[in-house]
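Following: one structure in structure tokens, then a few remarks.
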Amino acid sequence: MQPRGFRIATKRYRRLFWPMMVIYVLTIMACSGLLQEDASPLWLRVTCAIATTLPVVIGIWAVLRMAHEADEYTRARQIRALAESGAMLASGLFLTGFLQMYDVIGRVEVFWFGPAYFFCFGIAYCLRSVGKTV
Amino acid sequence: MKNTLRLLRTERGWSQAELADRLDVSRQSVNAIETGKYDPSLPLAFAIARLFGRGIEEIFDDGQGVTQAAD
């Protein structure tokens, strides 16, 4: 991956990210239909889990590629937002873990930490937009 | 760092988006540089200087020039 300038980087990002999100939604719908019965075989459940995760992983890679190829200011903002969202998520994970350990809260679905990361990324990116420096 | 980017841009009647397009950076980058929120790297500063046909020091001022000259 080489810096390519903002225009090409954005075009390459959009060409990969949005189709992956469409595939992600379609896969969820297809897998929900396939796994309606509790008696679904293990191999099918594992395949569905991997198939649904794959477009998300490619989407994350598209974000990282965009960060690498875009202009320096966009790159700096994105990398900082990625780092800050990671820090926010790690803090949330620790807090949730201790709350569970001390029997304050019940079972928490691990799944939600994924969307939480992207939510944190969005917050960090927007906050950076109104910040004084990069 | 202070700069005259906004002045040079408006002299040519360019919008921030137009300048961003010419430099192949995001419009937010141009805005951040103009408002002093972000100092460009040397390659980008050279690209800006080249685009406007000026020297880097004519566009960007770190406020140290007078002090150093006096030293």
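Note on naming: letters A, B, ... go to the chains in the order of the sequence lines (proteins, then strands), and numbering restarts at 1 for each one. Please read all numbers here as calculations on a predicted model, not as lab measurements.
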message = Is there a path of hydrophobic side-chain contacts, each under 4.5 Å between heavy atoms of I/L/V/M/F/W/Y residues, joining A:Y117 to A:L64?
response = yes
A:Y73 to B:Q28 - nearest heavy-atom pair and separation = CE2-O, 3.6 Å
ask   = Can you say whether B:D21 sits under 4.5 Å from chain A via the side chain, the backbone, both, or neither, judging by heavy atoms?
value = both
ask   = For A:F119, does the CZ atom have more than 12 heavy-atom neighbours from other residues, nucleotides or ligands under 6.0 Å away?
value = no
ask   = Does atom CZ of A:R45 have more than 12 heavy-atom neighbours, drawn from other residues, nucleotides or ligands, at distances under 6.0 Å?
value = yes
message = Applying a strict under-4.5 Å side-chain criterion to I, L, V, M, F, W and Y, I'd like to know whether A:W112 and A:M88 cluster together.
response = no
request  = Identify, with sequence neighbours excluded, every residue that meets ring pair (Phe, Tyr, Trp, His ring centres under 6.0 Å) alongside A:F17.
outcome  = A:Y13
inquiry  = Could you report the tightest heavy-atom contact between B:D24 and A:D71, atom names first, then the distance?
reply    = O-CB, 4.2 Å
inquiry  = Connecting only ILVMFWY residues whose side-chain heavy atoms lie within less than 4.5 Å of each other, what is the rest of A:L42's hydrophobic cluster?
reply    = A:V46, A:I50
message = Quick test of your reading: applying salt bridge (charged side-chain N to carboxylate O under 4.0 Å, His left out), list the pairs with at least one residue in residues 107-120 of chain A, sequence neighbours left out, ordered by first then second residue.
response = A:R107-A:E109
ask   = Taking non-hydrogen atoms and a cut-off under 4.5 angstrom, which of residues 39-52 of chain B neighbour chain A?
value = B:P40, B:S41, B:L44
task = Tell me whether B:L7 is reachable from B:I59 by hopping between hydrophobic residues (I, L, V, M, F, W, Y) whose side-chain heavy atoms are closer than 4.5 Å.
result = no
Separation of B:S26 OG from A:R7 CZ (nearest 0.5 Å) = 12.0 Å
